[in-house]
Amino acid sequence: MVDYKEILRLSSMGYSLRQTAASAEHSHHTVKNVLELAQKYGVEWPIDDNITNAELEKLFYPERKTAGKSYAEPDYNYIHRELSKKGVTLTLLWEEYCEKAYANGKIPYMSTQFGDKYRRWAKVTKATMRVTHKPGDTMQVDWAGGTIPYYDSITGEEYKAYLFVAALPCSGYIYVEACTDMKQENWLMCHVHAYEYFGGVTRVLVPDNLKTGVTANTRYETQLNESYRKLAEYYGTAIVPARVRRPQDKGLVERSVGFSTTWITAVLRERKFFSFAEVKAAVSERLEIINTKPFQKRPGSRRDAYFTEEKEFMLLLPKSPYEPSVWKQQTVGNDYLISDGLNKYSVPFDLIGEQVQIRLTKNIIEIFFKGSRAASHKRLEMYSVQPIVKPEHMPVKHLEYLNCNADEFKEWARTVGKSTEEVINHFLSAGSVPEQGYKACMSLTKLGKRYGKKNLEAACERMSAFSSTPSVRTITTLLKNRKEQDNPIEKTDNSNKYGITRGAAYWKKGGDGNA
């Protein structure tokens, strides 16, 4: 075998090609070729003692086969480019490299060889450190920095899914969940789901200083969000926020965030999702792979470590999961509707202009006014174009308008009489669609309230006797005339209608009224 190391050593000492060839006992052509390859691959003397001539030959001549085995040579340029992307690590690229090698019928290098070969090529070094924690003592939580895009299948509009990460420092067991946003409601629900996933509660909860959990965290005091505090009380855990600008206070979750970014966000970077449900399912699938993946330097996996070392030290879960609630204030508008941020719900119309308190849970929305519950609705999970309105919340006029439909008008006419029913049917069938007759039908119902159903039926019966095309105006006239006939004006003597009048005698000559 060519003594590559000796050639490089002699060349670094200033030996000429001829002198190097003579000293290393290789041909002039071989020495020249080795030095050109060393310059091409960036190999310079001194070289680490652990690097052998065989390894240098593999680097300089990747196309050569060793002992009849066909090894797949990594694409170092591709590796170098991919490592610049967020969340991509050498281990992830090694697994992808192995899959490609097997698909091509070649043998991949082991992960250590793969890493060593790349580091020699790119001269990159890394270091890690493991920290020991008490089992069942702490759960660290945070939002991951990376997001997963998904698209509307119809419009193509892009949305982002955010990752919530909870980590147990002792075993390294993690929980990751995809969310549509990083608002307080999702923040609280993710804690509930994490506790259910772990099957227990830790003594201490360590969040970052985000607004959804911590209102203020100074050197003198810590102010927690009220909803977050109630969640901690329900599960019997204590919230101890990480110190500001002290990531070492929750070191594992910082690494877990990076880990989940690598093994979830980066792994899914080539997939295209067309709904949030697809993203959530893919994240759950990747989570199971992460927690069951064997450790590199010790036996077992994160899940094995959790159930053997930590599970028994976890606090028991309550009998029923906590239902997080979020409180907010709103002023009721003229449409007597309030919003949960996604959909609109009705409140009693007499609260228009008043400020109300709204309690939001996953399934219920409650509206309070001056401490008393004024309304409640079942909360919708998906967006609804139409607001959710209860009839008892509407003013009378709005309720009447809501009841404007052909069936309601026909049902009302039956309670009045046959003639009224015929008139209503005529109004509903006279136009191209029944809705064109709603206004006339509504006017007829008002006449029934004003003059009484009996009088209305009589007027409609008389109307039908002399016309086949009834009208509201004619029926109104008949009702007015009928009322005047039922209540005639008393006749009086109009002889002295204009007061005291002078007779003809007064105007006789003299004007004194005497003959």
Side-chain angles (χ1 to χ4, degrees), residues 133-145 148 161-208 210 212-214 224-225 227-242 249-261 263-265 279-292 301-303 305-307 309-326 361-362:
H133 296 268
K134 295 180 181 179
D137 188 65
T138 305
M139 182 175 83
Q140 300 171 336
V141 292
D142 202 357
W143 292 106
I148 301 176
Y162 303 86
L163 296 184
F164 169 88
V165 181
L168 302 178
C170 177
S171 60
Y173 202 37
I174 67 171
Y175 173 76
V176 183
E177 181 178 347
C179 300
T180 54
D181 56 52
M182 294 191 294
K183 295 181 180 179
Q184 186 181 41
E185 189 171 0
N186 275 329
W187 172 253
L188 297 176
M189 284 304 303
C190 285
H191 282 70
V192 175
H193 298 158
Y195 288 137
E196 292 176 348
Y197 183 81
F198 294 143
V201 182
T202 57
R203 187 180 66 88
V204 177
L205 175 61
V206 181
D208 204 347
L210 67 173
T212 50
V214 182
L224 301 175
N225 181 282
S227 299
Y228 200 29
R229 185 186 62 79
K230 287 184 178 179
L231 179 142
E233 288 181 354
Y234 185 85
Y235 284 102
T237 186
I239 300 175
V240 182
D249 284 4
K250 54 183 186 67
L252 179 76
V253 79
E254 293 288 348
R255 293 193 295 275
S256 297
V257 164
F259 192 78
S260 63
T261 302
W263 292 99
I264 296 178
T265 308
V279 177
K280 198 162 187 175
V283 170
S284 298
E285 181 182 343
R286 291 302 307 172
L287 174 63
E288 297 308 309
I289 294 174
I290 291 172
N291 281 330
T292 56
S301 63
R302 284 174 169 78
R303 177 163 293 169
Y306 171 72
F307 283 102
E309 301 174 10
E310 192 163 16
K311 179 67 170 69
E312 61 180 314
F313 297 97
M314 300 285 284
L315 302 176
L316 296 178
L317 286 171
K319 292 183 179 179
S320 58
Y322 178 70
E323 187 176 23
S325 62
V326 177
T361 67
K362 182 180 179 181

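Just so it is clear, the model here is predicted, and its values are computed rather than measured.
- Residues Ser171 and Ala305 share a closest heavy-atom pair of CB-C, 3.7 Å.
- Within the 4.5 Å cutoff, the side chain of Ile290 has no heavy atoms near those of the Val176 side chain.
- Atom CD of residue Glu309 and atom SG of residue Cys170 lie 5.5 Å apart, to the nearest 0.5 angstrom.
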Report task. Please report the C-alpha distance between Leu231 and Val192 in whole Å, then the side-chain angles of each, then the deciding distance to 0.1 Å, and finally whether the side-chain contact (heavy atoms from CB on, under 4.5 Å) criterion is met. Result -> CA-CA 9 Å; Leu231 179 142; Val192 175; 4.1 Å; yes
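- Here the side chains of Gln140 and Pro169 are in contact, with some heavy-atom distance below 4.5 Å.
- Taking both residues in full, the closest heavy atoms of Pro321 and Glu196 are given as CB-OE2, 3.1 Å, listed atom of the first, atom of the second, then distance.
- Relative orientation of the Tyr195 and Tyr235 rings is tilted, given thresholds of 30° and 60° on the angle between their planes.
- Between the side chain of Thr237 and the main chain of Thr202, a donor-acceptor pair closer than 3.5 Å is present.
- Annotation: the span from Leu205 atom CG to Met139 atom CE amounts to 5.0 Å, rounded to 0.5 Å.
- In this structure, the separation between CE on Met182 and SG on Cys190 is 11.5 Å, given to the nearest 0.5 Å.
- The shortest distance between side-chain heavy atoms of Leu287 and Tyr175 falls below 4.5 Å.
- Using a distance-only test at 3.5 Å, with no hydrogens or angles considered, no donor-acceptor pair links the side chain of Glu310 to the main chain of Pro135.
- With sequence neighbours left out, the side-chain hydrogen bond (donor to acceptor under 3.5 Å, both in side chains) criterion links Arg286 to no other residue.
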Query raised in the report: Does the pair Lys230 and Tyr322 meet the rule for a side-chain contact (heavy atoms from CB on, under 4.5 Å), with working shown?
Result: CA-CA 9 Å; Lys230 287 184 178 179; Tyr322 178 70; 3.6 Å; yes
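- Using the six-membered ring where Trp is involved, His191 and Phe164 have ring planes that are tilted, between 30° and 60° apart.
- Looking at every heavy atom in both residues, Tyr228 comes nearest to Pro207 through OH-CB, 3.6 Å.
- Checked against the 6.0 Å centroid threshold, Phe307 and Phe198 do not count as a close aromatic pair.
- A side chain to side chain contact (heavy atoms under 4.5 Å, CB included) with Ile264 is found for one member of Ile289, Val165, Val283 and no other, namely Val283.
- Side-chain atoms of Asn291 and Tyr306, non-hydrogen and from C-beta on, never get closer than 4.5 Å to each other.
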Query - CA sep, side-chain torsions, deciding dist, call: Ser227, Gln184, side-chain contact (heavy atoms from CB on, under 4.5 Å) - result: CA-CA 9 Å; Ser227 299; Gln184 186 181 41; 3.7 Å; yes
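- The side-chain heavy atoms of Glu288 and Arg303, taken from C-beta on, include a pair separated by under 4.5 Å.
- Residues Cys179 and Trp187 form no side-chain contact, since every pair of their non-hydrogen atoms from C-beta on lies 4.5 Å or further apart.
- Considering CD of Glu177 and OG of Ser284, their distance stands at 7.5 Å, rounded to 0.5 Å.
- With values rounded to the nearest 0.5 angstrom, Trp143 atom CH2 is found 9.0 Å from Leu163 atom CG.
- Thr265 contributes atom OG1, which lies 4.5 Å from atom CD1 of Ile148 (distance to the nearest 0.5 angstrom).
- Nearest heavy-atom pair across Asn186 and Thr180 is ND2-OG1, 3.7 Å.
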